[in-house]
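Read the structure below first, then the notes.
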Amino acid sequence: MSNTASLSGTDTGRLAAAPDFVGFARFLIAAAVFSTLLVTVTPFAVTFEGSMDSGDLANQLGYSSLAAIVLAGHLVFSDRHVLAALMRPAWMLMTVWLLASAMWAASAENAVRSALFTLLAMTAVTGVFAFPRDARAFRWVVVVTALMVLGLSYFGVLFMPHLAINDGSGSEPDHAGLWRGIFSHKNVAGAVIGSLFFLGVYLIRARMVWIGLLIAGLSVNFVLHTGSKTSTGLLPLVMLVVIFGRLLGGRRLLAFGVFLVVVAMALLTLGTVLSPTLDAIVQWMVPGTTYTGRMDLWRYALEVWYGHEWAGFGLNGFWQSEVVAGTERNFELSWDPRGSPNAHNGYLDIAISMGIPGLVLSVIVLVILPLVDYARIGRDRESTCLGDTLLMILTYLLLNSFLESYLFERANPVWMLVWFAVVGLRLLSRHRVEPGAG
């Protein structure tokens with residue numbers, strides 16, 4: 001998408017008239033990669049439980065192939081300035097710490113495999129931005145992917161309800177009748193399809209009004225049917241923060257405002273189990289708040305984590321391991337931690353797995369640097385529309401991650417969208433977007 005080169009030669013009219021097979025190939029690769037990352041290679045897999053052993057052959061082959069295709073595409077298509085922007089030192093340091101944390105996990109072999117799986121999926125995301133020739137091609141990548149996700153999810157609701165609608169069996173009988181579409185859980189569906197709403201708004205602003213309205217409308221309707229209170233409540237909140245931030249001040253003020261919102265969310269969620277004062281404030285505002293039992297889970301995790309603050313337990317080395325399984329059931333807790341796949345707080349899970357250094361690095365990579373990048377984006381219309389959209393998606397999912405755990409979760413589609421926003425903001429801050437014809 002970035003304008004990093006120009007045509008050489010004199011017969012540009014003849015070249016422009018010729019079919020752009022290379023450009024079409026780049027579009028197809030980007031659309032196929034983005035669609036696969038969000039649909040996943042195992043749609044309608046209702047047995048996914050979060051941080052499990054990453055040895056599934058279909059996933060390994062699928063995402064390894066995607067990464068290989070994208071790496072080959074970078075060698076053929078990508079400008080060296082784009083590749084240089086992707087070699088961000090902070091990202092490299094995060095990669096090193098992720099791999100290191102896998103080394104000291106209880107099951108190091110599985111943890112290393114999971115870390116490599118995560119890095120392969122993250123690599124694949126970069127092709128979504130780097131391969132389309134211009135903004136117009138990128139928008140069609142968004143259209144194809146969004147309609148693929150929404151189309152398959154609605155198809156499942158209509159014709160495969162036993163897979164796409166929760167039947168209330170298992171440990172969550174209160175979820176009966178709630179939609180999850182192609183995804184493993186209603187909360188995953190809410191976060192992913194809620195993000196598609198912002199992409200629909202982007203298309204509307206980019207003058208693809210009817211397609212944008214269709215995607216935004218279908219997305220809102222689906223999110224409402226998931227019953228995900230977090231995803232539903234955050235949609236208007238994020239829209240208001242970004243829209244009013246843009247109206248009241250420049251990008252720097254908005255970026256700082258988003259940072260304050262993230263900090264406030266941290267204080268109102270995880271802060272309640274660290275500070276009696278914060279807990280009292282939340283209970284005063286909403287009496288009886290437990291975040292559906294998550295506060296008990298957070299307290300338990302923090303109690304066990306103390307003493308492991310600097311290195312953590314290693315990647316995937318805590319939940320569903322002997323560390324948790326070997327503890328006795330505490331009947332005072334509303335949530336039995338022995339059956340939980342994660343802490344239902346992405347930031348706490350990072351601290352548990354990678355220690356305080358991993359948490360600090362993650363906040364720098366996923367929160368601070370993207371906000372700095374947003375403030376540096378060009379002032380042209382294309383960059384502004386896309387930058388605002390990526391900021392909405394990132395803010396939406398960063399806030400969502402205080403009540404769910406997706407960050408660095410291999411090829412989890414919610415994590416793929418977080419990284420999608422981070423990569424996009426990085427490239428937008430370094431390169432101008434070519435609008436494209438039509």
Side-chain angles (χ1 to χ4, degrees), residues 1-4 30 34 79 81-82 85-86 88 125-126 128-143 145-146 194-213 215-216 219 234-262 366-399 417-438:
M1 276 197 318
S2 54
N3 184 27
T4 56
F34 199 21
D79 183 272
H81 297 96
V82 173
L86 296 174
R88 192 170 209 167
V125 172
T126 63
V128 179
F129 288 100
F131 294 167
R133 279 200 186 278
D134 49 43
R136 181 173 181 270
F138 174 78
R139 287 195 291 272
W140 281 106
V141 168
V142 168
V143 169
T145 301
S195 299
L196 296 185
F197 165 76
F198 297 116
L199 290 175
V201 172
Y202 163 63
L203 294 172
I204 294 170
R205 294 183 67 190
R207 299 188 179 91
M208 297 180 70
V209 177
W210 293 111
I211 297 178
L213 285 172
I215 290 171
S219 298
L234 287 176
L235 274 180
L237 172 64
V238 171
M239 284 283 291
L240 289 174
V241 168
V242 175
I243 289 174
F244 279 103
R246 293 285 284 126
L247 291 175
L248 296 176
R251 288 189 182 140
R252 291 183 180 180
L253 180 61
L254 175 55
F256 183 66
V258 168
F259 180 76
L260 292 180
V261 169
V262 172
L366 303 180
V367 182
I368 295 175
L369 290 179
L371 293 178
V372 172
D373 288 336
Y374 175 76
R376 294 174 174 172
I377 290 174
R379 303 294 172 177
D380 60 284
R381 177 178 174 77
E382 292 288 352
S383 298
T384 296
C385 289
L386 182 53
D388 290 347
T389 300
L390 295 175
L391 182 67
M392 289 182 192
I393 292 173
L394 183 64
T395 306
Y396 180 67
L397 298 180
L398 289 178
L399 297 178
L417 281 166
V418 173
W419 190 241
F420 166 81
V422 170
V423 171
L425 289 169
R426 167 63 171 172
L427 293 178
L428 279 175
S429 72
R430 297 289 297 271
H431 303 281
R432 184 174 67 84
V433 177
E434 183 66 36

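Both backbone and side-chain heavy atoms feed into the values below; hydrogens, waters and symmetry mates do not.
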Ser383 side chain to Arg379 main-chain N or O, any donor-acceptor pair under 3.5 Å? no
Side chains of Leu417 and Phe34, heavy atoms from C-beta outward: is any pair under 4.5 Å? yes
Could you pull out the closest heavy-atom pair between Arg251 and Ala375, with the gap in Å? CB-CA, 4.0 Å
Should Val82 and Arg430 count as side-chain neighbours, where that means a heavy-atom distance under 4.5 Å? no
Evaluate the criterion side-chain contact (heavy atoms from CB on, under 4.5 Å) for residue pair Val258 and Val238; output intermediate values, then yes/no. CA-CA 9 Å; Val258 168; Val238 171; over 6 Å; no
Apply side-chain contact (heavy atoms from CB on, under 4.5 Å) to the pair Leu254 and Leu391, showing each step before the final yes or no. CA-CA 10 Å; Leu254 175 55; Leu391 182 67; 3.7 Å; yes
Let me confirm one number: the OG1-CZ distance from Thr126 to Phe131, rounded to the nearest 0.5 Å. 6.5 Å
Once rounded to the nearest 0.5 Å, what's the spacing between atom CZ of Arg207 and atom CZ of Arg139? 9.0 Å
Would you say that more than 12 heavy atoms from the other residues, nucleotides or ligands in this model lie under 6.0 Å from the CZ of Arg88, or not? yes
How close do Gly194 and Leu235 get, counting heavy atoms only, and between which atoms? O-CD2, 3.6 Å
Does any non-hydrogen side-chain atom of Val128 lie less than 4.5 Å from one of Trp419? no
Closest non-hydrogen atom pair between Leu394 and Ala421, with its separation: CB-CB, 3.9 Å
Do Glu382 and Asp134 have side chains that get closer than 4.5 Å, going by heavy atoms? no
Leu425 side chain reached by Leu371 side chain, heavy atoms, under 4.5 Å: no
Find the distance between CG (Leu399) and CG (Leu237) and round it off to the nearest 0.5 Å. 6.5 Å
Nearest heavy-atom pair of Gly212 and Leu203: which atoms, and what distance? CA-CB, 3.8 Å
All heavy atoms of Tyr374 vs all of Ala255, minimum pair found to be CD2-CB, 4.4 Å
Is any NZ, NE, NH1 or NH2 atom of the basic residue among Arg432 and Asp380 found under 4.0 Å from an Asp or Glu carboxylate oxygen of the other? no
Enter the distance from Leu397:CG to Phe420:CZ here, rounded to the nearest 0.5 Å. 11.0 Å
Please work out whether the ring planes of His81 and His431 are parallel, tilted or perpendicular, with thresholds of 30° and 60°. perpendicular
From Arg246 CZ over to Asp388 CG, what is the distance, rounded to the nearest 0.5 angstrom? 4.5 Å
Atom pair CD1/CD1 of Ile204 and Ile215 - distance to nearest 0.5 Å: 9.0 Å
Intermediate values then yes/no, side-chain contact (heavy atoms from CB on, under 4.5 Å), Leu199 and Ile393: CA-CA 8 Å; Leu199 290 175; Ile393 292 173; 3.8 Å; yes
Please determine whether side-chain contact (heavy atoms from CB on, under 4.5 Å) holds for the pair Val433 and Leu428, giving the CA-CA distance in whole Å, both sets of side-chain angles, and the decisive distance to 0.1 Å. CA-CA 7 Å; Val433 177; Leu428 279 175; 3.2 Å; yes
I'd like to know if the side chain of Ser429 and the backbone of Arg426 have a donor-acceptor N/O pair within less than 3.5 Å. yes
Should the pair Tyr396 and Phe198 be assigned to parallel (<30°), tilted (30 to 60°) or perpendicular (>60°) ring geometry? perpendicular
